[in-house]
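As structure tokens, the structure follows; a few thoughts come after it.
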Amino acid sequence: MAGAVHGYWDDPLIIVHDTEREQGMAIGNEAVGVVKRTTVFTDGQSVTAGLTHPEQAYGFRKWLRPGEQWTAPRIFTALYDRCSDASFALNTIVPDFVRKHTNMRIEQLPRKPMFVYNTWSPFMRNIDEATVRELAKAAAECGVEEFVIDDGRQVEAGSEGDDWEVDRKKFPNGLRPVFDYIKSLGMKPGLWISLATANFSRKNYRAHPEWFVRDEHGQIANLHSGDGQNKTACMGTDWYDYIRQTLLRLVDEHGLAYVKLDLAIETSAYVYDDRRTGCYATGHPHHRDHAESYGVIYERCMQLFAELHRAAPDLFIDCTFETAGKLQLMDYGIAAYAEGNWLSNVEQTSPTGPLRIRNLSWGRTPALPATSLVIGNLHMDGEYHELGFKSLAGSLPIMLGDPRKLTAKEKQRYKSWSGWLKTLEDRHVFMSFRQDLPGFGEPAEGFWDGFCRLNTDTDSGGVVGVFRHGAAETSRTVTLPWLDANKTYLVKQGFEGKSVATQSGKELTEKGFPVTLKEKYDGELFEIAEK
């Protein structure tokens, strides 16, 4: 880097690199969301990491009573030397440090999700029990492991009752038999729930107006969109207990295993008005004023995640970018408490969709755990859908669409791909690792790109993805400078296991193996396995 840098919510990690001395340090900031602040040389000499200052947007404040203690978010520094290129540190020092020392939640799972399905697109809220059963059957035939029912299963806006009451017109028997059916197919059931949204016609809003966010004029507010029938509850109130009990009841009574927690709790990803942020209430029990609400709302949200995990250790929490508060926002603070983060919505069915998936993954995974990135909304039945699945193998494979439209052959191919990835994860534990492919660079039109997910702790191997995106050349050479130079490795193509090369770690570093893709928009996955 050169000159001064003022990092904010999009900067969980900043590297300060001295090109002359070939040394530097990576600075990780574990503050959550928009209260994050990291600066480098803004005064000409200092590096700072921590929380926002009062003069900034989302300026942090914490009131402490005499004798009261408070723990600030952690930061970390990873030092390195004898390194001419800072990007090398992002492939070695940083991911090793994050994996081993920052206690990311995804790394605590004994088994990581390998293939998730979500109903949101194209169905939106137009789902019912019959449709879900049909989709679940088709998804299971594709090898899906987690089946998530998104929005639409609850009673519509304007109806009285509980905010998350099941719509009995759509699900006449409730959720339990649907969940049981999903589990009978070998999948884990999941649900979409808005973490802090309530409709003003429901009993929570009518009975407890003191639970809700207040705007600068003292009115109850909708932070997510700024208008509409829905209002935003404040996590600094007893709403916290209500939503915790709601989620745990779904776990205990229905076997909920995956929860996608969505919509704004503190600031919107879509409303660009600093006044429509946080909570201005002065009577809420956990914050005195607007400035203090910024930290409290995030702190209480992460505390909720921790409590859910203590009560339900196997629950997978997917905290969306909308809950985080900014477009495509993910950071260490969230990853320490939530296994996943729905990072973005990619709608394109053309080759642009898979490209965007790979681009988002390429930009985030050097610093953050790759498997924590949940990138929707590629369709299983869309154009280039298999290319989409291969592209998603660089993060957490999640797909949407209508699997009922797939042919038997297409379903079998999905099942073969997902089964192959599961086998490789058992063999290599590759999902805890991620490296860049040397010489490939950022995914872009007219180029080749790729990713590497090799276990550099055991040197047993892992998965490599290689993609041609409109490039003129039909072949490229792939080198892998990450494995034991003295071991011998097999390179095998895809789930069919076609032999590509047998090379030592030294040969993989210096010589590599060729990849030919005849189509202008195509990709392939390879297993690298110790012989």
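Keep in mind it's a predicted model, so treat the numbers as computed, not measured. The first residue of the sequence shown is numbered 1, and numbering continues consecutively from there.
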side-chain hydrogen bond (donor to acceptor under 3.5 Å, both in side chains) evaluation trace for R453 with T365: CA-CA 11 Å; R453 302 195 70 172; T365 55; over 6 Å; no
Audit row: F433, H428, ring-ring contact (aromatic ring centres under 6.0 Å, His included) steps and yes/no: CA-CA 10 Å; F433 299 83; H428 304 296; over 10 Å; no
Checking side chain to side chain contact (heavy atoms under 4.5 Å, CB included) for the pair T197/H224: CA distance, chi angles, key distance, verdict? CA-CA 9 Å; T197 299; H224 188 73; 5.6 Å; no
Could you please spell out the steps behind the side chain to side chain contact (heavy atoms under 4.5 Å, CB included) verdict for V98 and Y332? CA-CA 9 Å; V98 169; Y332 296 115; 3.7 Å; yes
Chi angles and distances behind the salt bridge (Lys or Arg N to Asp or Glu O under 4.0 Å) call for R176, D180: CA-CA 6 Å; R176 180 60 182 268; D180 287 346; 3.3 Å; yes
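Separating the OG1 atom in T323 from the CD atom in E266 is a distance of 11.5 Å, to the nearest 0.5 Å. The CD1 atom of I265 sits 12.0 Å away from atom SG of C279, with the distance rounded to the nearest 0.5 Å. Rounded to the nearest 0.5 angstrom, T458 OG1 and R427 CZ are separated by 12.5 Å. From T407, atom OG1 reaches atom CZ of R413 across 10.0 Å, with rounding to the nearest 0.5 Å. Annotation: the span from L247 atom CG to L195 atom CG amounts to 7.5 Å, rounded to 0.5 Å. One distance of note links CD of E339 with NE2 of H309; it measures 3.5 Å at 0.5 Å rounding.
Within a 6.0 Å radius of NZ in K170, other residues, nucleotides and ligands contribute more than 12 heavy atoms. The number of heavy-atom neighbours closer than 6.0 Å to OH of Y337, taken from other residues, nucleotides and ligands shown, is 12 or below. Atom CD of E383 has more than 12 neighbouring heavy atoms from other residues, nucleotides or ligands inside a 6.0 Å radius.
Judged by distance alone, the side chains of E307 and Y240 do bring a donor and an acceptor atom under 3.5 Å apart. With no hydrogens or angles considered, a side-chain donor-acceptor pair links T131 and D128 at under 3.5 Å. Y205 and N199 share no donor-acceptor pair across their side chains, judged by distance under 3.5 Å alone.
Looking at R434 and D436, a side-chain N of the basic residue comes within less than 4.0 Å of a carboxylate O on the acidic one, giving a salt bridge.
Although no hydrogens or angles enter the test, the distance criterion places no donor-acceptor pair under 3.5 Å between the side chain of R404 and the main chain of L135.
Under a cutoff of 6.0 Å and an axis angle of 45°, R358 and F467 form a cation-pi pair.
Aromatic ring pairs are classed by plane angle as parallel below 30°, tilted from 30° to 60° and perpendicular above 60°; the pair W417 and W420 is perpendicular.
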